[in-house]
Amino acid sequence: MRRDLARELEGAVIDDVTVTGARSVRRNDTRTFRRALRGATLVSFGRHGKYLLMGLDDGRVLVAHLRMSGQFLLVPSAAAPVKHTHVRLALADGRELRFVDPRTFGELFVTTADLPELATLGIDALDLDRPALEALLGARRGRLKALLLDQRVIAGIGNIYSDEILWTARLRGSRPANRLRPVEVGRLHDAIAAVLGEAVARRGSSLADAQYVDLAGQPGSYQEAHNVYGRAGLPCPRCGRAVERTVVAQRSHFWCRNCQR
DNA sequence: CGATTATCCTGTGCGC
DNA sequence: TGCGCACAGGATAATC
């Protein structure tokens, strides 16, 4: 999504801001949010974990998190808004960037360049080198899956990718994070890079309800490459044993008992 | 400290 | 077809 935004919106000028949803703009009141964005030019496009960071020409940053069902859609301004369109940024060139979010868990806000709201986030998963991963693992006593999902430790890995990473690294999510052998840390590090890299290359995972779509409304295809996520009862692609589903902290966890140790 | 539970929402798919 | 229930890419606060 960051790449789509950068390709399409570099230099775009925001003419008007319409906020119709009550929950999508957080941390700013609507008036502050509108004032910050009206007339602004989008000059840079970053990301930290799952937060999208759109830099404005005055140095401030429009921060967005899609959470479970948020979408950014770029459409002609005249297009009729779909249901659950909560925020619209009308651009000077006749297009509109729309934030659509049925479950309203997503959020948008404008803040200063030092991003105080994101201060608790851990290192981005794609910035993690092997020694850094080893240090993080050693400092935490919980289970490996919980650590991968904890955005304060590593930012950017969610429930699909934690399961795919653990399967790729042949590690059980229930393993104590600080008791991996060096060779296992190496496999985990490789798996994080491989799974996230391939998922980005395939433009993300869109499940049956197509909540995740790109800026043009198109789904990704990484779901076709899922080895365990959502595949309870189906054969493990590596060994053929049925993939299991257990529940960890109210989240589904999919894994292979035979080839993850 | 770490694990679990409830909560914020809407939509979909399933069994009956 | 209608109803109730389980479940969904996340994050966080409260509780055990």
Side-chain angles (χ1 to χ4, degrees), chain A residues 1-2 20-27 47-52 63-73 81-87 99-109 115 117-122 124-125 136-167 172-179 195-196 198-200 202-215 217-233 245-254:
Chain A
M1 179 56 76
R2 186 203 69 78
T20 48
R23 286 168 45 87
S24 298
V25 175
R26 316 257 181 104
R27 310 179 205 237
R47 181 187 61 74
H48 188 158
K50 304 171 190 173
Y51 288 86
L52 291 162
V63 180
H65 194 312
L66 303 178
R67 298 277 172 99
M68 298 282 266
S69 62
Q71 303 173 345
F72 270 128
L73 298 175
V82 297
K83 198 174 176 184
H84 304 300
T85 300
H86 302 311
V87 178
F99 182 69
V100 178
D101 186 15
R103 293 179 73 180
T104 69
F105 292 166
E107 63 171 325
L108 304 177
F109 59 93
L115 303 170
E117 294 86 352
L118 307 190
T120 58
L121 282 185
D124 187 90
L136 289 177
L137 290 166
R140 290 269 169 160
R141 263 199 300 275
R143 298 176 188 159
L144 199 46
K145 176 163 170 86
L147 181 141
L148 292 177
L149 287 172
D150 189 339
Q151 305 300 301
R152 296 167 303 177
V153 181
I154 301 171
I157 299 173
N159 204 35
I160 291 178
Y161 299 123
S162 67
D163 282 1
E164 294 299 321
I165 286 164
L166 289 166
W167 182 86
R172 290 196 182 186
S174 58
R175 286 283 294 278
N178 62 355
R179 289 206 216 116
V195 168
L196 295 181
E198 186 63 15
V200 171
R202 297 184 66 152
R203 306 188 59 75
S205 299
S206 302
L207 304 187
D209 55 1
Q211 294 285 17
Y212 179 73
V213 292
D214 67 16
L215 204 49
Q218 296 301 305
S221 66
Y222 192 70
Q223 66 280 2
E224 296 162 15
H226 289 175
N227 291 295
V228 283
Y229 185 85
R231 298 178 53 81
R245 175 183 180 269
T246 54
V247 175
V248 178
Q250 318 271 89
R251 318 289 308 272
S252 288
H253 173 36
F254 298 94

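Per chain, numbering begins at 1; letters A, B, ... match sequence-line order. Basis for what follows: all heavy atoms, side chains included, without hydrogens, waters or symmetry-related copies.
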I need the CD-P distance between A:Q250 and C:dT15, as an integer number of Å.
16 Å
Does the distance from a Lys or Arg side-chain N to an Asp or Glu carboxylate O, for A:R47 and A:D124, drop under 4.0 Å?
yes
Applying a 3.5 angstrom cut-off to the pairing atoms, does DNA chain C sit in any stems of at least three consecutive Watson-Crick or G-U pairs? List them by first number.
B:2-8 with C:10-16, B:10-16 with C:2-8
Given the P atoms of C:dA6 and B:dT5, what is the spacing between them in whole Å?
15 Å
Kindly point out which of C:dA11, C:dG9, B:dT4 is positioned nearest to the side chain of A:Q151?
C:dA11
For A:R140 and B:dA3, what is the distance between atoms CZ and P respectively, to the nearest whole Å?
10 Å
B:dA6 and C:dC5: how far apart are their P atoms, nearest whole angstrom?
16 Å
Which word best sums up how the rings of A:Y161 and A:Y222 line up, parallel for under 30°, tilted for 30 to 60°, or perpendicular for over 60°?
tilted
Measuring to OP1 and OP2 of C:dG10, would you say a side-chain N or O of A:K50 lies under 4.0 angstrom away?
yes
Distance in Å, A:I165 CD1 paired with A:K145 NZ, rounded so as to fall on 0.5 Å steps
9.5 Å
Quick one: which protein N/O atoms are closer than 3.5 Å to N/O atoms of nucleotides 8-10 of chain B? Pair and distance per line, please.
{"residue": "B:dC8", "atom": "O3'", "partner": "A:R23", "partner atom": "NH1", "Å": "3.3"}
{"residue": "B:dC9", "atom": "O2", "partner": "A:R103", "partner atom": "NE", "Å": "2.9"}
{"residue": "B:dC9", "atom": "N3", "partner": "A:R103", "partner atom": "NH2", "Å": "3.4"}
{"residue": "B:dT10", "atom": "O4'", "partner": "A:P102", "partner atom": "O", "Å": "3.2"}
{"residue": "B:dT10", "atom": "O3'", "partner": "A:H84", "partner atom": "NE2", "Å": "3.0"}

Tell me which nucleotide among C:dG9, B:dT4, C:dA8 gets nearest to the side chain of A:D209.
C:dG9
With the side chain defined as heavy atoms from C-beta on, A:R143 is closest, among B:dC1, B:dA3, C:dG9, to B:dA3
Atom NZ of A:K145 and atom C1' of C:dG9 are separated, to the nearest Å, by 11 Å
Has A:S69 got a side-chain N or O lying under 4.0 Å from the OP1 or OP2 atom of B:dG11?
no
Tell me, do A:L137 and A:R175 make a side-chain contact under 4.5 Å, heavy atoms counted?
no
Tell me if B:dG13 is syn or anti. Syn = glycosidic torsion within 90° of 0, anti otherwise.
anti
Side chain A:H253, main chain A:N159, donor-acceptor under 3.5 Å:
no
Does A:S69 use its side chain to pair, donor to acceptor, with the backbone of A:R103 at less than 3.5 Å?
yes
Could you check whether the rings of A:F99 and A:H86 sit parallel, tilted or perpendicular, using 30° and 60° as the cut-offs?
tilted
Length of the CZ-C1' vector between A:R141 and B:dC1, whole Å
7 Å
To the side chain of A:R251, which of B:dT4, B:dG2, C:dG9 is closest?
C:dG9
Whole-Å distance, A:I157 CD1 to C:dA11 C1', equals 16 Å
Might you point out which heavy atoms bring A:P102 and A:Q211 nearest each other, and give the distance in Å?
CG-OE1, 4.1 Å
For A:H253 and C:dC7, give me the distance from atom NE2 to atom P, rounded to whole Å.
16 Å
Please list, in numerical order, the residues of residues 225-233 of chain A that have a heavy atom closer than 4.0 Å to any atom of DNA chain C.
A:Y229
Rounded to whole Å, CG of A:N178 lies from C1' of B:dG2 at a distance of 12 Å
To the nearest angstrom, the CG-C1' distance between A:L118 and C:dG10 comes to 15 Å
